[in-house]
2 protein chains.
Amino acid sequence: MEASAEVSAPVASRRRGEALRRAIFDAVIEQLGSVGYAKLSTNRVAAAAGTGKAALYRRWSNKEELVRDALLDLLPEPPRVDLSASLRDGLLAQLTYLNSTLFDSKGAAFQAFAAAAADQPSELRAFLHETVSVPCQERIAELLRLHTAVPDKDRPLIAAAGPAMLMYHCMSGSLKSTDTQIEAVVDGLLLPLCRER
Amino acid sequence: MEASAEVSAPVASRRRGEALRRAIFDAVIEQLGSVGYAKLSTNRVAAAAGTGKAALYRRWSNKEELVRDALLDLLPEPPRVDLSASLRDGLLAQLTYLNSTLFDSKGAAFQAFAAAAADQPSELRAFLHETVSVPCQERIAELLRLHTAVPDKDRPLIAAAGPAMLMYHCMSGSLKSTDTQIEAVVDGLLLPLCRER
DNA sequence: AATTTAGTGAACCAGTTGGTTCACTATAGG
DNA sequence: CCTATAGTGAACCAACTGGTTCACTAAATT
């Protein structure tokens, strides 16, 4: 008898709490990737999440806060510096992380990055720089410190070159860099620079 | 008597032809620099040019065409490769050109570049790439060919590094690179890369 | 001088936006 | 079961957009 009552219980139809938040974040990221940041609208995010704007504004006070939180949720922590890995492998790992971070999810994070750069001044730009670029550069600089004789004063410039190349790649109209292209940056640019000292 | 008639002749009040076109282009560039590409509107461009939207649409069929033409008018031709200059001076000249091109006029061209990168797919992005980045890279590659032993297959990567660094610089929230920073890219990155071979 | 051309300013249109409010109600918690 | 909470869907608002049209008229051309 109880088994029969369970079978016929109505299926929950409203998402609440974390489930709805998940759906909203997914919608933001999807919209960033498909229409870009400038054309991302709360109307469309709500529709894509299968909810209404009122639900968005219950949790976030404005659009920028929503997008920032969705990106914060999306962006992975940069990989730790693996002490046992070679310099080359370490550099490959950092640039592969950055490549994936920026360009996965149809380039949602890169879209946000470029849009932020085109919007002055921008908290979002600062946020993305501090959350993505700076950690990546710092880890690359750490690898240089551990494995090379590059002087302190030269490290920031070299550390920035990898990320710079990946972003330039996409600003020039290409898509996500391939593994081969990342290897070319490491082997053809970063490693030679380290050996030069 | 004739001198007297000249003094009292009415001053022309409506701009026509090239004068109005100039004013419109100036307004576009100013708006790109101040509100960025996403927020640039035909309403505001017309107002800033001291004219009406009808005058814009008489000449350009849409907003994108207007912006493209204004940028085409703004962007200077990259400096020719000076055969008598040293490699360092040649590289400095090309990167200084790129820096000025992208970041003068309150960064109007860079604004457009970043916005285009955030808008997929984009004719504007292709246009800017072909008009700005590609010529600069080609001239840098030519300098490498003239002055260094860098093999053919390595030149594109190295040639891209300078422009990449300048753009990354601004995407990270900084403004136009200083001469010192450009020199650092040349002396700390490009020249060492060339010597490595 | 008469005619043509292009500039002006205003009005118009449909569409969209970020943000707000509301009545209703599913859902969770007591 | 009752109460509180949060989700839903709709409606609303002022503002703004790209693009269009129009009557008038300054300016150029014939």
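Computed over heavy atoms, backbone and side chain alike; hydrogens, waters and symmetry mates excluded.
The CZ atom of B/Arg58 sits 18 Å away from the C1' atom of D/dG18 (whole-angstrom rounding). Between the OH atom of B/Tyr57 and the P atom of D/dT20 there is a distance of 7 Å, given to the nearest Å. One can place CD of A/Glu18 at 18 Å from P of C/dT27, the figure rounded to the nearest angstrom. With rounding to whole Å, A/Arg14 atom CZ is found 16 Å from D/dT5 atom P. When rounded to the nearest whole Å, the span between CG of A/Leu20 and C1' of D/dG9 equals 14 Å. Atom CG in A/Asn62 sits about 14 Å away from atom C1' in C/dT17, given to the nearest Å. With rounding to whole Å, A/Trp60 atom CH2 is found 15 Å from C/dG18 atom P. Distance B/Leu66 CG to D/dG19 C1': 13 Å, rounded to the nearest Å.
Looking only at atom types and distance, the side chain of A/Thr180 has no donor-acceptor partner in the side chain of A/Glu183 under 3.5 Å away.
Residues of residues 38-54 of chain B that place a heavy atom closer than 4.0 Å to DNA chain C, in numerical order, are B/Thr51, B/Ala54.
Of the residues near DNA chain D, B/Arg16 and A/Gly17, the one whose nearest nucleotide (by heavy atom distance) lies more toward the 5' end is A/Gly17.
At C/dG7, one or more side-chain N or O atoms of B/Arg59 fall inside 4.0 Å of OP1 or OP2 (strictly under the cut-off).
With B/Val45 as the fixed residue, the side chain to side chain contact (heavy atoms under 4.5 Å, CB included) test singles out one of B/Ile29, B/Leu40, B/Asp26: B/Leu40. Exactly one of B/Ile140, B/Leu146, B/Leu144 qualifies for a side chain to side chain contact (heavy atoms under 4.5 Å, CB included) with B/Glu142. That residue is B/Leu146.
A cation-pi contact, defined as under 6.0 Å to the ring centre and within 45° of the axis, is absent between B/Lys176 and B/Phe110.
Of all non-hydrogen atoms in B/Ser133 and B/Met167, the two that sit nearest each other are OG-CE, 4.0 Å.
B/Arg68 has no carboxylate O lying under 4.0 Å from a charged side-chain N of B/Glu65, or vice versa, which leaves the two without a salt bridge. Note on A/Arg80 versus A/Glu138: no salt bridge recorded, every NZ/NE/NH1/NH2 to OD/OE distance being 4.0 Å or above.
Checking C/dT20, D/dG7, D/dG18 against the side-chain heavy atoms of B/Lys63 singles out D/dG18 as nearest.
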